[in-house]
Amino acid sequence: MALWADNRVPQASGLCDPRFRAAGDAFAQNFADGAELGGSFAAWIDGALVVDIRGGFADRAQKTPWTDETLSCIYSSGKAVISLLMTRAVSRGQLNYDAPVAAYWPEFAENGKDTITLGQLLSHQAGLVGFADGMAQDGWLDWADVVRRIETMAPLWPPGTACGYHPQTYGFAAGEILRRVDGRSIGAIIREDIAEPTGLHIFCGLTEKEMTRVAQMPKPPRAPDLGEINEATTLAFLRPHSMTTRIAPEKLMAAEIPGSNMHGNARGLAGAVHPLATGVFPPNNERLDPAAIEAALRERIRAFDLVLPFELSWAAGLMRNINRHFGPNAHAFGHAGFGGSCVVIDPENRLTLAYVMNKMSPHLVGDPRATRIFDAFYKAL
């Protein structure tokens, strides 16, 4: 690893293996093009950090440099971390992808949900994309109430027959299942099993001190293109209570809303999910069962998504790379977050990549800033 800097990037800093200088050049070109305010990019290969670069500013006024300590909301890129935690629980024998969710969470069985499997839930086939009934703007802060709403809701379509992205309910459902088998909240698991023992910056629910490190995030210049609006899209994204944007920032940052409200930097995000590429969960080198990883990553449904305007191939919590949103390797996996953040998991090459930023774009997935960096990285492999 060598020190990295580039005069196209204000406040540039970090380390980069000289083999991957092209990825740093691509990162810098995004700044030169005026597409960035601040951000970071990191890559891990076979347990080693090979790129960890950052630059720009954490605030709109461009007075606060983006540093190694800067945190940014990664929105739905955090779903990749949820996928890892689920895989680990399956590896430990706590969960089974083919078992009904109700085997772990009996109340979930209400209203025709008794046969929904864990694998179907994690691949967005459960038909629970959002709440039809009204909810307070800050209703997502009440974990028990959200869980009860999920228990009583009926699927929007016959589970297992279609996929439709679950922006918020996904994280609560997965988090409740983990709580039932582990005894801890998803935020506590991430903090105690990943962030604290490894030093990686990845969190679901921030302390007051951590909040002071969070970058401001200018909103995108226009709304994302959701394609043809249908009932599923409306429930997922377009009801007044669908998103968390009207919650007071301090309350939101402190909250555990796993599907859309994790915070981290690129090194933390790519490092957190690296066990899915290597089969080794640090810091104690816990070996993940290869059968659990295979089950996590296999295709569970391929269809035109009822919520996102794409044909998607869903694994258990990750998108399979059929649209090449996650670099040029068709055998890779990944997840993107609102505004542009993105993470790539590539077991074939035993690598993970992450891009985290604060100048938001309207791209739902496949943000050209991220794909430019990923493509440059792969060319250097």
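These figures come from a predicted structure and were not determined experimentally. Atoms considered below: every heavy atom in the structure, side chains included; atoms not considered: hydrogens, waters and symmetry mates.
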Legend entry - Results of side chain to side chain contact (heavy atoms under 4.5 Å, CB included) for A61 - residues two or more places apart only: D59, K63
Inset, instruction - Any chance you could measure I345, atom CD1, to H331, atom NE2, to the nearest 0.5 Å? - result: 16.0 Å
Legend entry - side chain to side chain contact (heavy atoms under 4.5 Å, CB included) partners for A188, two or more places apart: R184, S185, E192
Inset, instruction - Could you list the residues that satisfy side chain to side chain contact (heavy atoms under 4.5 Å, CB included) with A32, not counting sequence neighbours? - result: R8, Q29
Inset, instruction - Go through the steps for V81 and V273 under the test side chain to side chain contact (heavy atoms under 4.5 Å, CB included), then give the verdict. - result: CA-CA 6 Å; V81 182; V273 300; 4.1 Å; yes
Legend entry - R148/E176 ion pair, N-O < 4.0 Å: no
Inset, instruction - Not counting sequence neighbours, which residues clear salt bridge (Lys or Arg N to Asp or Glu O under 4.0 Å) with R287? List them please. - result: none
Legend entry - K379 NZ: over 12 foreign heavy atoms closer than 6.0 Å: no
Legend entry - Atom CZ of R60 with >12 non-hydrogen neighbours under 6.0 angstrom: yes
Inset, instruction - Quick one: list whatever passes salt bridge (Lys or Arg N to Asp or Glu O under 4.0 Å) with E311, sequence neighbours left out. - result: none
Legend entry - Sidechain N-carboxylate O distance under 4.0 Å for R179, E256: no
Legend entry - Distance-minimising heavy-atom pair for A336 and L364: CB-O, 3.8 Å
Legend entry - Atom of E110, atom of T152 and distance for their closest heavy-atom approach: OE1-CG2, 3.5 Å
Inset, instruction - Enumerate the residue pairs fulfilling salt bridge (Lys or Arg N to Asp or Glu O under 4.0 Å) with a member in residues 27-36, sequence neighbours excluded, ordered by first and then second residue. - result: D33-R372, E36-R369
Inset, instruction - Starting at CG of L381, measure out to CG of N349 and round the result to the nearest 0.5 Å. - result: 5.5 Å
Legend entry - Residues which pass side chain to side chain contact (heavy atoms under 4.5 Å, CB included) with D68, listed by chain and number, not counting sequence neighbours: D52, R54, H201, N265, R267
Legend entry - T87 side chain vs S83 backbone, donor-acceptor pair below 3.5 Å: yes
Inset, instruction - Ignoring hydrogens and angles, tell me if any N or O in the side chain of N30 forms a donor-acceptor pair with the backbone of G34 under 3.5 Å. - result: no
Inset, instruction - Check the surroundings of atom CD1 in I229: do more than 12 heavy atoms from other residues, nucleotides or ligands lie under 6.0 Å from it? - result: yes
Legend entry - Pairwise ring-ring contact (aromatic ring centres under 6.0 Å, His included) hits with a residue in residues 235-254, at least two apart: none
Legend entry - Side chain S341, main chain I74, donor-acceptor under 3.5 Å: yes
Inset, instruction - Not counting sequence neighbours, which residues clear salt bridge (Lys or Arg N to Asp or Glu O under 4.0 Å) with E294? List them please. - result: none
Inset, instruction - Check the angle between the aromatic planes of Y75 and F338 and answer parallel, tilted or perpendicular using the 30° and 60° thresholds. - result: perpendicular
Inset, instruction - Indicate whether the side chain of Q168 and that of S260 have a donor and an acceptor atom separated by less than 3.5 Å. - result: yes
Enumerate, atom names and distances included, each donor-acceptor pair closer than 3.5 Å involving a side-chain atom of residues 156-163, sequence neighbours excluded.
residue : atom : partner : partner atom : Å
W157    : NE1  : Q125    : O            : 3.2
W157    : NE1  : A162    : O            : 3.2
T161    : OG1  : P158    : O            : 2.6

Legend entry - Under 3.5 Å side-chain donor-acceptor pair for Y165 and S76: yes
Inset, instruction - Just say parallel, tilted or perpendicular for the rings of Y170 and H124, cut-offs at 30° and 60°. - result: parallel
Inset, instruction - Quick one: do D25 and R21 satisfy salt bridge (Lys or Arg N to Asp or Glu O under 4.0 Å)? Show the steps, please. - result: CA-CA 6 Å; D25 289 342; R21 179 73 202 196; 3.4 Å; yes
Inset, instruction - Is it possible for you to say whether L288 and L200 belong to one hydrophobic cluster, with membership spreading through side-chain heavy-atom contacts below 4.5 Å? - result: yes
Inset, instruction - For Y378, check ring pair (Phe, Tyr, Trp, His ring centres under 6.0 Å) against everything at least two apart and list the hits. - result: none
Inset, instruction - Could you list the residues that satisfy salt bridge (Lys or Arg N to Asp or Glu O under 4.0 Å) with D17, not counting sequence neighbours? - result: R19
